[in-house]
Chemist: 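Would you mind keeping the following structure in view while I ask a few things?
Each ligand, and each atom within it, is numbered from 1 in the order the structure gives. All figures in this text were calculated on a predicted structure; none of them were measured in a lab. We use all heavy atoms of the structure for the numbers below, so side chains are in, but hydrogens, waters and symmetry mates are not.
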Amino acid sequence: MAGFAGRLARCWYSGFLRSPLQVPALGLHVGGPAMQTSQKDFNNAVSQLKLLKEDPGNEVKLKLYALYKQEAARQNYVDLVSKLSASSESPSPEAPAADRKQPESDSLVVTSGDGITTIRLNRPTKKNALTTQMYHDIIAALQAASKDESPITVLTGSGDYFCSGNDLTNFTSLPAGGPEEMARSSAVLLRDFVNCFIDFPKPLVAVVNGPAVGISVTILGLFDVVYATDRATFHTPFSHLGQSPEGCSSYTFPKIMGSSKAAEMLLFGKKLTAQEACAQGLVTEVFPDSTFQKEVWARLKAYSKLPPNAMRISKQIIRDREKEKLHAVNAEESNVLRERWLSDECMNAIASFLSRKSKL
Ligand SMILES: CCCCCC/C=C/C(=O)SCCNC(=O)CCNC(=O)[C@H](O)C(C)(C)COP(=O)(O)OP(=O)(O)OC[C@H]1O[C@@H](n2cnc3c(N)ncnc32)[C@H](O)[C@@H]1OP(=O)(O)O
């Protein structure tokens, strides 16, 4: 375990030193005297840090990393406030539902209109990678959507990606209990997250606006309908990451596409094109990218006018007999992953991505 903490600390430290100027405006515009450090002071501190002759040790590096994160959080606060000001100047046609508690972070945007509740992953500069906060926000959004007025619920992404899967930096926020506690709490969160998709009572549609990776692919087996742009790809590189399948894909994928096609994806990480995913039953229909948004939303608007109770009841008949099995699969997959996250194979893969040595 010490090895892992050391490896990650090295990644954080080197990342911190490599990109000090990526730390945005450092929250200089908010707060009292304690926050009045100038950009120049900060740059000086970074330069001094680089000149240290001795490694300051993991504890100090962790403190530095935590401070770095606080500054980034402050900038997120400023960005969010300016976004709120901008959006109050130009109201969008799809309003956030007034009775809905909005997500904690602006990385998820929930809107309702035309009989559709849309949950949008909104972190395009990070390819919509899922942070821990986003998992919590998606759980809350699905719980609210299950009770709201919209007959249909949609998950989609902003920008060129649908989602690049779990944010691999989630694993760097080590809690006091160390890697074991991190693995335990992540497994609980994963199980709760996937359970929300298993139990979702209304038609659930994925509008896959670009490439999808990892958990954003595996959960598609729990959706009722999956529409994809022809630019989308579907990639589950679990073996490359020293991990194992989740999202009930160890059960749904063999059922959907047959065991050998599922194995090629889940064991060997074969990336499917949208057309291949459609041929194998994971995707309902593929649209040309140029007309994707127009065609898909027009179709969903028409479907949302169908009688909502009939759609709910039909979904119940189709899905309910599988629910118990899916919950058991989800629990098992989450437990296996908990172990995997502590393995050398997984730790090395994550450290390698964080130190920018590897990409899919
Ligand atoms: C509660 C826990 C539940 C966990 C469940 C288990 C889930 C498992 C999975 O989802 S496994 C899949 C994990 N995902 C990945 O391994 C993808 C990693 N990303 C990449 O390989 C590439 O970024 C890419 C192929 C998705 C896109 O490549 P490219 O088009 O060249 O863009 P960039 O790499 O420059 O990406 C832009 C920016 O985004 C950051 N980023 C992208 N994806 C992730 C990610 N998954 N985690 C963290 N960060 C990500 C990337 O680092 C760049 O950041 P930068 O601009 O350099 O700061």
Side-chain angles (χ1 to χ4, degrees), residues 8 11-12 14-16 18-24 68-69 72 75-76 107 121-139 157-175 179 181-197 210-220 222 231-250 265-267 269 271 330 333-343 345-360:
L8 284 184
C11 286
W12 300 340
S14 57
F16 180 75
R18 205 178 39 244
S19 55
L21 297 176
Q22 283 174 6
V23 179
Y68 170 98
K69 295 277 263 195
Q75 181 61 31
N76 288 342
S107 300
L121 309 174
N122 188 38
R123 223 180 149 222
T125 55
K126 298 287 180 185
K127 310 293 181 192
N128 296 324
L130 298 171
T131 61
T132 302
Q133 184 61 53
M134 286 166 80
Y135 287 104
H136 287 290
D137 285 341
I138 294 169
I139 291 174
S158 296
D160 61 341
Y161 257 67
F162 176 57
C163 174
S164 63
N166 188 42
D167 188 314
L168 296 173
T169 67
N170 288 342
F171 293 114
T172 61
S173 303
L174 281 187
E181 177 52 24
M182 184 269 300
R184 191 203 61 78
S185 60
S186 301
V188 170
L189 180 57
L190 172 63
R191 200 195 53 213
D192 292 350
F193 176 76
V194 174
N195 276 341
C196 283
F197 289 89
V213 183
I215 191 164
S216 72
V217 177
T218 56
I219 54 169
L220 294 178
L222 301 171
R231 247 183 356 91
T233 50
F234 298 82
H235 194 189
T236 49
F238 299 127
S239 299
H240 300 70
L241 293 166
Q243 299 189 29
S244 51
E246 21 59 358
C248 293
S249 58
S250 63
M265 276 191 90
L266 297 175
L267 306 189
K271 191 197 284 189
N330 182 25
E333 288 177 347
S334 303
N335 276 337
V336 172
L337 258 176
R338 178 181 168 177
E339 297 296 322
R340 282 277 91 211
W341 285 325
L342 296 171
S343 70
E345 287 181 348
C346 178
M347 291 169 179
N348 289 335
I350 292 170
S352 174
F353 175 77
L354 294 179
S355 60
R356 301 294 188 266
K357 277 197 231 126
S358 74
K359 217 181 245 198
L360 294 174

Chemist: Which option, Y161, F238, Y135, owns the non-hydrogen atom nearest atom 3 (C) of ligand 1?
Modeler: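 It is Y135 that holds the nearest heavy atom.
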
Chemist: Which atoms from ligand 1 have a heavy atom of I215 less than 4.0 Å away?
Modeler: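 The list of qualifying atoms is 5 (C), 7 (C), 9 (C), 10 (O).
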
Chemist: With atoms numbered from 1 as shown, which atoms in ligand 1 lie under 4.0 angstrom from a non-hydrogen atom of G165?
Modeler: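 So the atoms of ligand 1 that pass are 10 (O).
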
Chemist: Give the minimum heavy-atom separation between C248 and V194, together with the two atoms involved.
Modeler: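 In this case the closest contact between C248 and V194 is SG-CG1, 4.1 Å.
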
Chemist: Between A232 and G210, what is the shortest heavy-atom contact and its length?
Modeler: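 Looking at all heavy atoms of both residues, the closest pair is CB-O, 3.5 Å.
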
Chemist: Examine ligand 1 and decide if any of its atoms is less than 4.0 Å from a heavy atom belonging to F193.
Modeler: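 No, F193 has no heavy atoms under 4.0 Å from ligand 1.
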
Chemist: Any atoms of ligand 1 less than 4.0 Å from a non-hydrogen atom of L189? List them with their elements.
Modeler: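 This gives 1 (C) as the contact atoms.
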
Chemist: Which of the atoms in ligand 1, numbered in the order shown and given with their element, are less than 4.0 Å from a heavy-atom of W341?
Modeler: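 Here the atoms of ligand 1 in question are 4 (C).
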
Chemist: For P237 and G214, which heavy atoms make the closest approach, and how far apart are they?
Modeler: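 Shortest heavy-atom separation between P237 and G214 comes out as CD-N, 4.2 Å.
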
Chemist: So which bit of A129 gets within less than 4.0 Å of ligand 1, heavy atoms only: side chain, backbone, both or neither?
Modeler: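 Looking at A129 and ligand 1, just side chain atoms fall under 4.0 Å.
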
Chemist: With sequence neighbours excluded, give me every side chain to side chain donor-acceptor pair (under 3.5 Å) pair touching residues 181-194.
Modeler: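 Non-adjacent pairs meeting side chain to side chain donor-acceptor pair (under 3.5 Å): E181-R184.
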
Chemist: Taking 4.0 Å as the limit for heavy-atom contacts, which would you say applies to N166 with ligand 1: side chain only, backbone only, both, or neither?
Modeler: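 N166 to ligand 1: contacts from backbone and side chain alike.
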
Chemist: Given S186, S164, P211, S216, which one has a non-hydrogen atom that is nearest to atom 43 (N) of ligand 1?
Modeler: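 Answer by nearest heavy atom: S164.
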
Chemist: So which atom in L337 and which in L190 form the shortest heavy-atom distance, rounded to 0.1 Å?
Modeler: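 Reported closest heavy-atom pair: CD1-CD2, 3.6 Å.
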
Chemist: So which heavy atom on L266 is nearest to which on S249, and how close?
Modeler: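 In this case the closest contact between L266 and S249 is CD1-O, 3.6 Å.
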
Chemist: Before signing off on this row, confirm whether E246 and ligand 1 have an N or O atom pair separated by under 3.5 Å.
Modeler: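 In fact, backbone or side chain, E246 has no N or O that close.
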
Chemist: Compare every heavy atom of G159 with every heavy atom of P124, then report the nearest pair and how far apart it is.
Modeler: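 Smallest heavy-atom distance, with atoms named: CB-CA, 4.1 Å.
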
Chemist: Answer side chain, backbone, both or neither: which part of T125 comes under 4.0 Å from ligand 1, heavy atoms only.
Modeler: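 T125 to ligand 1: backbone contact only, side chain stays beyond 4.0 Å.
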
Chemist: Does some non-hydrogen atom of F171 fall short of 4.0 Å from ligand 1?
Modeler: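 False for this residue.
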
Chemist: I want to check something: taking the side chain as every heavy atom from C-beta on, are F238 and S244 in contact at a cut-off of under 4.5 Å?
Modeler: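 F238 vs S244: side chains apart.
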
Chemist: Please, which pairs that meet side chain to side chain donor-acceptor pair (under 3.5 Å) have at least one residue in residues 233-243, sequence neighbours excluded?
Modeler: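 Listed by first then second residue: Q243-W341.
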
Chemist: Tell me whether L168 has any N or O atom under 3.5 angstrom from an N or O of ligand 1.
Modeler: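 Checking ligand 1 against L168, an N or O pair does fall under 3.5 Å apart.
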
